[in-house]
Amino acid sequence: MELKPTKPLSGFIELTPVQQRCFDTCVERMRGVLNTAGYTRLDLPAIERAEVLTDKDNWDEIETQMFLFQKGDTKMGLRYDGTVGLSRYIAGHLNDLVFPFRAYQFARNYRGERPQRGRYREFYQMDIDILGLESLSTNYDAEIVATLSRMYDSISDIVGRVKIKVGNRRFWNAMFEYLKLTDEQSRAAFVLIDKKDKLKDFLPALIDAVGEKSANEINDVFTNGYWSFINKSVNLKSAVSEMDDFMRLLKSMGIENAEIDVSIMRGHSYYTGVVFEFFSVDYPWLPAVGGGGRYENLASKFSKTKIVGVGASIGVSRLLVALMEENKIDMGRFENPIVAAVLPMGNSSVPFAMGVVNKLRAKNITAVAYLDAEKKFKNQIEYADKIKAKFSLIIGEDEVKSKEISVKDMATGEQQKLSVADTVKLLKTVY
RNA sequence: GCGGAUGUAGCUCAGUUGGUUAGAGCGUCGGUUUGUGGUACCGAAUGUCGCCAGUUCGAAUCUGGUCAUCCGCCCCA
């Protein structure tokens, strides 16, 4: 009989037990930061109506980018980020929520693109958002970045440090308006600026798109700094001060690893103001490990109430899985936390052994029993060794009779006979 | 959708200019006397050499196709 494949589909992730514990540890710490910062967890559906996921009605075109399918007449798809579902949720629960509303989602997201290093088809994202009705101060932009930064800090001993690059869509909108670019030119310039770092011939391409005069002015932003444009127009002045205020606030919250980089644009078209990306300092080959920005109108298709938000997400899978695959994380600390392996020698010892296991667990001591009790003792102690148990509790006929357990310290090999109560006491004091 | 690379044991890979029964390490299982692991020694199992066709006396090896995986691009809503 032909065997079926054991590998998951390309772009899907499976972790080993030790990797999973590492992953869970990071997630737990980040959630701790969010809890302290007053965020509520939302767990939204993985599948949304296709019309919720996209405005385009070109089914074939978007099918290559998203996981889409159809049941009966309902077209649906797997979510590709947390923001779209959140907007729908907020719009549908306006009466149930208090604004400004802080929410986070830790969930799997799906993209139909070709997988490559650091890009998966199924991956975890930690999305955090602050939403307001009608308006939301840009002060929240800084707060969300600060929170995100603290989340990274909480796991920096595992994944290294990050730096933050901050851009602003308003700045460019004001810039394009000042340069009197057409919509088409603006879009072209937007894309080029977004890819600036990848392009060798940025300026020539830009000249091609918007003309020499405008191209040179745009390029001046990068050579002379965005500040030199502060007095060119009212909107430019406002955008530049917004960026400065933002940086000042970040500093006041102790965030020192952020810098303005106006070439940061981000792909999602729904951003309208500040945009930011987080990059790994220690592993610069990683793509952005998190990012986000402000969006003013994302929920407009769900509600007539204006919902304004600033949101961000951490690519948890990207951050962790890539590093684990490259062996950049010391996994020793995520080893199995089992304290006691209880080894009954023969089925006649099992009842007593089970009783011991129960007592240990009741005292919050992690214990497992090897219940193939008729197997050779060698197998049992090997098992205890493999799961890296701190102690083996050996229970044979003698021990059952005397009610004393042979307690073996697996690291030193030392062994002593103790009553059940003394065993509990020992394990309790050591761990 | 485009380009490059790679498909050999559960995993990582080696297989010389095509030449007998296809190899290693790790892992797994068994053993090195009966209630003691980590290191050591001995032994065992496991492969349609990705799939299909072609060239040849003979193909893991060469050719064509196909599929899959990885890397990069496009894209990133």
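Everything quoted here is computed from the prediction, not taken from an experiment. Just so we're on the same page: letters track the sequence lines, and every chain starts at 1.
A:Arg266 comes within 4.0 angstrom of nothing in the nucleic acid, heavy atoms only. Using a 4.0 Å heavy-atom criterion, one finds that A:Lys195 contacts the sugar-phosphate atoms exclusively.
B:rU21: no Watson-Crick or G-U partner with both key distances under 3.5 Å is found in any strand. Shown here, B:rC29 forms a base pair with B:rG43; the pair counts as Watson-Crick or G-U wobble because both key distances fall under 3.5 Å. Pairing partner, B:rG3: B:rC71, with both Watson-Crick or wobble hydrogen-bond distances short of 3.5 Å.
The structure places CG of A:Asp422 at 9.5 Å from CD1 of A:Ile405, a figure rounded to the nearest 0.5 Å.
By the 6.0 Å contact criterion, CZ on A:Arg41 is enclosed, its count of non-hydrogen atoms from other residues, nucleotides or ligands being greater than 12. Atom CD of A:Glu212 is surrounded by 12 or fewer heavy atoms from other residues, nucleotides or ligands within 6.0 Å. Other residues, nucleotides and ligands contribute only 12 or fewer heavy atoms inside 6.0 Å of the CG atom of A:Asn364.
Taking atom C1' in both B:rU69 and B:rG27, the straight-line distance is 23 Å, to the nearest Å. B:rG35 and B:rG31 have their P atoms separated by 11 Å, given to the nearest Å. Using P as the reference atom, B:rA59 and B:rA44 are 30 Å apart when rounded to the nearest Å. Comparing B:rA5 with B:rC42, their C1' atoms are spaced 42 Å from each other, to the whole Å. Nucleotides B:rA9 and B:rU48 place their P atoms 8 Å apart, quoted to the nearest Å. Distance check on atom P: B:rG65 versus B:rU12 gives 28 Å, rounded to whole Å. Distance noted for atom P between B:rU46 and B:rC67: 33 Å (whole Å). With C1' as the reference atom, B:rU63 and B:rG25 are 34 Å apart, rounded to whole Å.
Atom-to-atom, OH of A:Tyr80 to P of B:rC76 comes out at 12 Å; the value is rounded to the nearest Å. Straight-line distance from the CD atom of A:Glu382 to the P atom of B:rU32: 13 Å, rounded to whole Å. Spacing between atom CD1 of A:Ile394 and atom C1' of B:rG37 amounts to 10 Å, rounded to whole angstrom units. Rounded to an integer number of Å, the gap from A:Asn379 CG to B:rG35 P is 10 Å. To the nearest angstrom, P of B:rU69 lies 15 Å from CD of A:Glu113. Look at CG on A:Leu393: it is 15 Å from C1' on B:rG35, rounded to the nearest Å. Atoms CZ (A:Arg114) and P (B:rC67) sit 11 Å apart, rounded to a whole Å. At whole-Å resolution of the value, CG in A:Asp398 and C1' in B:rU34 are 14 Å apart.
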Check nucleotides 42-50 of chain B against the protein and report each pair of N or O atoms closer than 3.5 Å, with its distance, or say if there are none.
none

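Using the six-membered ring where Trp is involved, A:Phe12 and A:Tyr110 have ring planes that are tilted, between 30° and 60° apart.
For B:rU36, the base has no donor-acceptor partner in the side chain of A:Gln380 [N/O atoms by modelled type, under 3.5 angstrom]. Checked by distance alone, A:Asp385 brings no side-chain donor or acceptor within 3.5 Å of a matching partner on the base of B:rG38. Between the side chain of A:Glu399 and the base of B:rG35 there is at least one donor-acceptor pair of N/O atoms closer than 3.5 Å. Judged by distance alone with a 3.5 Å cut-off, a donor-acceptor contact links the side chain of A:Lys408 to the base of B:rU36.
Distance from the side chain of A:Lys386 is smallest for B:rU28 among the nucleotides B:rU28, B:rU36, B:rC74.
Between A:Gln116 and B:rC71 there is no side-chain polar atom (N or O) within less than 4.0 angstrom of OP1 or OP2. Taking side-chain N and O atoms only, A:Ser406 has no distance below 4.0 Å to OP1 or OP2 of B:rG35.
The residue among A:Glu414 and A:Leu9 whose nearest nucleotide of RNA chain B lies closer to the 5′ end is A:Glu414.
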Quiz item: Are A:Gln125 and A:Asn109 close enough, and set up right, to give a side chain to side chain donor-acceptor pair (under 3.5 Å), and what steps lead you there?
Solution: CA-CA 7 Å; A:Gln125 270 189 315; A:Asn109 292 301; 2.9 Å; yes
Practice problem: Please lay out, stage by stage, how A:Tyr39 and A:Asp129 fare under the test side chain to side chain contact (heavy atoms under 4.5 Å, CB included). | Solution: CA-CA 9 Å; A:Tyr39 286 75; A:Asp129 292 90; over 6 Å; no
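Two rings, from A:Tyr124 and A:Phe23, have their centers less than 6.0 Å apart.
Within the structure, side chain to side chain donor-acceptor pair (under 3.5 Å) pairs that include any residue of residues 151-165 of chain A comprise A:Arg29-A:Asp157, A:Asp153-A:Arg161, A:Asp157-A:Arg333 (at least two apart or interchain).
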